[in-house]
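Structure first, then comments.
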Amino acid sequence: MTETAATGVIYGPREGYRDGLTRGLVLDLHRRMVRIRLFEESSGKLVETGDMPGFLHLYVGQEAVAAGVMSVLGDADQITSTHRGHGHAIAKGAEFRPMFAELYGKTTGYCKGRGGSMHIVDMSRGMLGANAIVGGGIPIAIGAGFASQYRGDGTVAATFFGDGASNIGAFHESINMAAVWDLPVIFVCENNGYAEFTAQSSHMKLEDIAERAASYGIPGVVVDGMDALAVRAVALDAVERAKSGAGPTLIEAKTYRYFDHQGIKGMRIPYRDPAEVEAWKERDAIKILEAIGTESGLASTEDFAAIWAETQADITDGIEFARNSPDPDPADILDDVYTV
Amino acid sequence: MTETAATGVIYGPREGYRDGLTRGLVLDLHRRMVRIRLFEESSGKLVETGDMPGFLHLYVGQEAVAAGVMSVLGDADQITSTHRGHGHAIAKGAEFRPMFAELYGKTTGYCKGRGGSMHIVDMSRGMLGANAIVGGGIPIAIGAGFASQYRGDGTVAATFFGDGASNIGAFHESINMAAVWDLPVIFVCENNGYAEFTAQSSHMKLEDIAERAASYGIPGVVVDGMDALAVRAVALDAVERAKSGAGPTLIEAKTYRYFDHQGIKGMRIPYRDPAEVEAWKERDAIKILEAIGTESGLASTEDFAAIWAETQADITDGIEFARNSPDPDPADILDDVYTV
Amino acid sequence: MTTRELTYVKAFNEGMHQMMASDPDVFLIGEDVAGYGGVFHMFDGLLTEFGDRRVKDTPIAEQAIIGLGVGAAARGLRPVCDLMFMDFIGVAMDQIFNQAAKMKYMFGGAVSVPLTITTAGGGGMSAAAQHSQSLEAWLAHIPGLKVAMPASPYDAKGLIVGAIRDDNPTIVVLNKKMLGVKGLVPEELYGIPMGVANVVREGTDVTIVAIARMVVEATKAAKELEAEGISVEVIDPRTVQPLDTDTIVTSVKKTHRALIVHEAVEFGGIGAEISSQIQESAFDYLDAPVARLAAPFSPVPYAPILENAYMPDAARIAAKVRALVERS
Amino acid sequence: MTTRELTYVKAFNEGMHQMMASDPDVFLIGEDVAGYGGVFHMFDGLLTEFGDRRVKDTPIAEQAIIGLGVGAAARGLRPVCDLMFMDFIGVAMDQIFNQAAKMKYMFGGAVSVPLTITTAGGGGMSAAAQHSQSLEAWLAHIPGLKVAMPASPYDAKGLIVGAIRDDNPTIVVLNKKMLGVKGLVPEELYGIPMGVANVVREGTDVTIVAIARMVVEATKAAKELEAEGISVEVIDPRTVQPLDTDTIVTSVKKTHRALIVHEAVEFGGIGAEISSQIQESAFDYLDAPVARLAAPFSPVPYAPILENAYMPDAARIAAKVRALVERS
Ligand SMILES: Cc1ncc(C[n+]2csc(CCOP(=O)(O)OP(=O)(O)O)c2C)c(N)n1
Ligand SMILES: Cc1ncc(C[n+]2csc(CCOP(=O)(O)OP(=O)(O)O)c2C)c(N)n1
Ligand SMILES: [Mg+2]
Ligand SMILES: [Mg+2]
């Protein structure tokens, strides 16, 4: 008996995926990523200083995945997300004011202060919510994709989940059902190498989670999750496939989170080698895109600096807005339990 | 993108798996299968005539799977089973008297009348129980396998489940965990082509469920589930692998159930082509083994006839015993909820 | 407005047919609900009438079945997701209580989840511990969910229609042993709103609040007791969430005695909540402690002789009522 | 017999250490319980002390985690399976209620399942709707299961030891907001058996039955009320299944008034069962209806200002007690 299964995984985007790159696209992806980066850094600090309640699972390091996938989706396309959901929301177009307000637990927040970080939502942009249950959003996404197919409206759904989540039952059930019914759903596994503090090698015997696609008779694609253009390219293929009626795709984006599982720093035990962290930071997604932009001549250092600055201003505005927003009234505590 | 994943599945047992066949083995496998066949036919009839309560998921047609696997296990090895569990129990050595008594709901039954068909158990033979929840027995089996590894006692665990069950979350979670920890567990998928009335092609996009093994980095083996010797051969390899510390194997046995999902006949809708049923019956496992026995000269028609007759006598005895056994006393209804 | 006799399951089935005909956003998924029409015939004929876009057999994957319903409902469709036996809820519970039920609240009201889950509960079939349970107490304890338990053919139709029309996640629990029970059912489409109890029978001495099939047993007991001069009011809450406390309390204020009957185990059953509410709201009216009659604290046993002893029935209900009357 | 101050979580941790040292059949599995020692430090030091054969990190796969425990327990080991947050129970419910709890009964007594499940429940951390729940009412409604809810460091140690020693599947629910609470804890190994309530404080006017952290709030309220001349008896059932009804009823027969307090939503909470049992057993002793104080019927909200309003506290408990005393 041979113990190594042959694999049907596709590696990386198709050749020439950077061809025809435009200035607009570079700046669009850059803006999405910078917005995530700064939002996460600032909100992480606000919790650390005790200014903001709750606990946060920060997305820093993984920006290229959300930015790349979201850049091929429209507002009518739906996504479901995870406990690490800010990045998905921001890349999908969520605004800082109601996001910060939500983290501050204010009435002006996306959830009116009811949900907080782990339930960030923006229905108007097809962001069907973060989810505090690992794997919890995956079945919901196939429902969104089912609605697309049922209505024939040409929309698709994407669901984000981690390497750890790919071991939970809900993943298996959902991707199989989506495959059987050719639902227009993109399964995006953000493999950052760890489920909390447990390394991938301790939670599965695979190197490439995309291999699991074969169990459902659908394509599995591995992509560099630090290259937003590569992510975008494979996402485009998957969306095309979904829209053509051919069904779902499993995309595995190899990526990394820079901060701790929760919060910025909290490494109680040294579960990651500092050298490993540094090596990943060397391949920072924003740096990579900025290099592509300047080397291709499509964008300048000044263009990027402007985005950083303008985003920073947005951050300041968002925090200010949140702080000045009204607290919810405990008298309303029973509102919105039911639709009446 | 290519849609057909390459597959690492192993087909059939190794070459020469019938070499060195003995008379003892032929008769042993035959006896196990005949005992299942007659038990199932008679109990099916007893429910149809209203003599016995409950509803039964009969194992007729699939005998070679239970017989083949159980023939390589000892009493100290553990199994978990399904709603279709009589065959597993009998092949593992369960006796007719307490089995019939259980179906009749008598105190002399394996479960003292508390469990019935779907909870048949025989702890003394490592039969850890049938299970009325699809996939419910799979996590329990990895626990039994864990105990083997923890104690280092050289035993293994096997878990039986259907094609339909391979789509449920518990399967995915359990086989992954068993793989990660190299647990001595054999996953036996009895692919009879249907989950109740739903054909395999409607519940997954795979032909070979054994392909799913690759998702867990373990071997997947497809075997003819109508050939008890073939099943035995692949089970032997899997047990050897498990005992060597190399971890689990996924075996897919292609088989068929002759009767309806539940009971003998109840085909309210023609969900199976009668020609398909007949084609499978042509390859009946007991017929195949009898032919091997007589052709090899290891056993005679008379030998087989004796087994049929002796088993029939056992059936009669078992039913008689069950009918004459005492009913449980409702006053004891709360016994055995807790260990005190 | 023609009314005729239908079985409980046919009445339910008619409600499904009419709702699917009247609203193109209603669809049905579940195990063997299409080709086979559901193992209890609940969905007979729907595939033929509405086609395989709207009526679909699924893999065995209850998390995906319910979750798909949650996602589709959040996008404005009105899914009906079947969970064949109520006992299977354990493999799909997260999608029910953490997702479907909480989504609206967690999202600050930004979404509605008009999902209907259908399932079959209850014992009496020798189906043993994993195919006979009554778990409504769990469901009623989940803010955001509604839970209907029809106890007649009329309600089987009215409550499935009411549930599908309701904009909240709602579970309709059919009772397996009632599937063949007959009763009068109007032909036209009608819905029973969630939260409106049915006073099945009026009486003055004792109020029985009965759940699901126990309504039938309680009514039997009430007739028996009438002959003895004990006048029993039988109330069927129809939905245990929301619970029509007003109707129940008003009745007890009149009768001064109450008995709650259900099939689920007594400890932690919905009867505990009803009992508590009664004594909280009608304490000064009570001539005897509020009583409960339910299953003993064990899994459902297989042997018919044990299962019969396990489930409350008319005789035991009557005995309990007599004791209540004698007490005061 | 040295006794010293320990935090709740350290006391629990000591119990784990001592049980693993005393019984080689005890092992621990769960997400991040080994290398990290559990996200709440519950399992600190166990990997170092007992090695990776007995202390194991799992994939995220709660069905497999609990199910593995069931199978290993059926083979005579004494597994401790951690379910990080109580809210995650929905993905593993089948293994808990249909398998672990029913196995012995379904199999006619042929097996015991000495499984311990550890988890953390309760609110007060701004962890929102899916990380703050108190779901003990579900668990207490399952025949075959036992459910412990320590409300002090002493009990955190004693109940985890008692649970591991118990031959039945038992869930120990730690309260997240109590992790750092200090109290006196003996150094030696001791176990508290399941089903024995703790009379935390004696009193004569009102009995408060409080669950988990509410014991602390109730005790605070009792002290406040003492100054007002109201004497409150505080009872901590310690385990909600089995429930020590005797101790509770005896107390209420003395005080004639009862209030039950818990963090879970009131509707269908364990308070309903306790209330029902009190009025069934002590009806003639009651000077006022048995009262309940618990969470309103909504998911747990995120904003601290909402969550504070959501959870019962000493002030609201005291107000409720005053109302009870004034009523009669
Ligand atoms: C069902 C469930 N189990 C466990 C958890 C606790 N938990 C939250 S995040 C996490 C790790 C998730 O790992 P992964 O899926 O790789 O996502 P990442 O955190 O790396 O983004 C765990 C175990 C949970 N929220 N839900
Ligand atoms: C969790 C769960 N879902 C659904 C069922 C109902 N059910 C019982 S058997 C069965 C089909 C099982 O198919 P398969 O696994 O192929 O086994 P087979 O019946 O063919 O032996 C179904 C859906 C169940 N018992 N448990
Ligand atoms: Mg990860
Ligand atoms: Mg099958």
Side-chain angles (χ1 to χ4, degrees), chain A residues 78 80 102 107 109-116 118-124 126 128-133 135-152 155 157 159 168-181 183 328 334-340, chain C residues 24-27 29 52-54 56-77 79 81 91-95 97-115 142-146 166-170 194-195 241-242:
Chain A
Q78 310 288 315
T80 68
E102 189 52 37
T107 51
Y110 269 118
C111 312
K112 298 187 193 157
R114 297 270 168 76
M118 289 196 288
H119 305 292
I120 281 287
V121 72
D122 186 352
M123 294 297 292
S124 72
L128 278 177
N131 207 308
I133 301 297
I138 309 178
I140 298 172
I142 70 165
F146 180 89
S148 301
Q149 187 186 66
Y150 191 83
R151 291 189 172 130
T155 59
T159 178
I168 205 164
F171 161 76
H172 176 70
E173 295 190 7
S174 305
I175 192 167
N176 183 61
M177 195 131 94
V180 169
W181 291 351
L183 297 181
L334 287 175
D335 286 1
D336 291 326
V337 178
Y338 291 97
T339 302
V340 282
Chain C
D25 284 342
V26 178
F27 69 92
I29 64 168
D52 64 6
R53 174 176 160 270
R54 296 183 63 194
K56 295 180 95 72
D57 284 330
T58 64
I60 308 177
E62 282 83 0
Q63 298 191 60
I65 294 169
I66 307 294
L68 187 148
V70 177
R75 288 203 55 200
L77 296 178
C81 298
V91 298
M93 203 61 178
D94 183 69
Q95 286 297 323
F97 92 106
N98 271 335
Q99 314 299 341
K102 294 186 173 56
M103 210 176 205
K104 185 186 183 71
Y105 192 81
M106 292 188 307
F107 295 171
V111 68
S112 286
V113 183
L115 163 70
I142 306 172
L145 217 59
K146 298 187 179 182
D166 197 287
D167 283 331
N168 298 283
T170 300
M194 305 293 108
Q241 188 56 261

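So you know, we letter chains A, B, ... as the sequences are listed, proteins then strands, and number each from 1.
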Segment of [X] engaging chain A (4.5 angstrom heavy-atom cut-off):
{"X": "C/Leu115", "answer": "neither"}
{"X": "C/Asp167", "answer": "both"}
{"X": "C/Asp57", "answer": "backbone"}
{"X": "C/Pro79", "answer": "neither"}
{"X": "C/Ile29", "answer": "side chain"}

Side-chain (A/Arg114) to main-chain (C/Gly108) donor-acceptor, under 3.5 angstrom: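 Not at all, since once roles are kept as given, no pair shorter than 3.5 Å links the two residues.
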Would you name the heavy atoms of [X] and [Y] that are closest together and state the gap between them?
{"X": "C/Ser112", "Y": "A/Thr339", "value": "OG-OG1, 2.7 Å"}
{"X": "C/Ala72", "Y": "A/Phe146", "value": "CB-CD2, 4.4 Å"}
{"X": "A/Leu128", "Y": "C/Ala74", "value": "CD2-CB, 4.1 Å"}
{"X": "A/Glu173", "Y": "C/Gln63", "value": "OE1-N, 2.8 Å"}
{"X": "A/Met177", "Y": "C/Leu68", "value": "CE-CD1, 4.2 Å"}
{"X": "C/Phe107", "Y": "A/Val121", "value": "CD1-CG2, 3.6 Å"}

Choice from A/Ser174, A/Ala178, A/Pro139 maximising heavy atom contacts with chain C below 4.5 Å: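 Heavy-atom pair counts peak at A/Pro139.
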Which of A/Ala147, A/Gly115, A/Ser124 touches chain C most, by non-hydrogen pairs under 4.5 Å: A/Ala147
About how many Å separate [atom2] of [Y] and [atom1] of [X], when rounded to the nearest 0.5 Å?
{"X": "A/Arg151", "Y": "C/Arg75", "atom1": "CZ", "atom2": "CZ", "value": "5.5 Å"}
{"X": "A/Asp336", "Y": "C/Met106", "atom1": "CG", "atom2": "CE", "value": "12.5 Å"}
{"X": "C/Gln95", "Y": "A/Ile138", "atom1": "CD", "atom2": "CD1", "value": "9.5 Å"}
{"X": "A/Tyr338", "Y": "C/Met194", "atom1": "OH", "atom2": "CE", "value": "11.5 Å"}

Among the listed options C/Glu62, C/Lys102, C/Arg54, the residue most often paired with chain A at heavy-atom distances under 4.5 Å: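 It is C/Arg54.
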Answer with side chain, backbone, both or neither: which region of [X] has an atom nearer than 4.5 Å to a non-hydrogen atom of chain C?
{"X": "A/Val337", "result": "both"}
{"X": "A/Asp122", "result": "neither"}
{"X": "A/Ile175", "result": "neither"}
{"X": "A/Ala144", "result": "both"}
{"X": "A/Gln78", "result": "side chain"}
{"X": "A/Thr155", "result": "side chain"}
{"X": "A/Ala132", "result": "neither"}
{"X": "A/Ser148", "result": "both"}

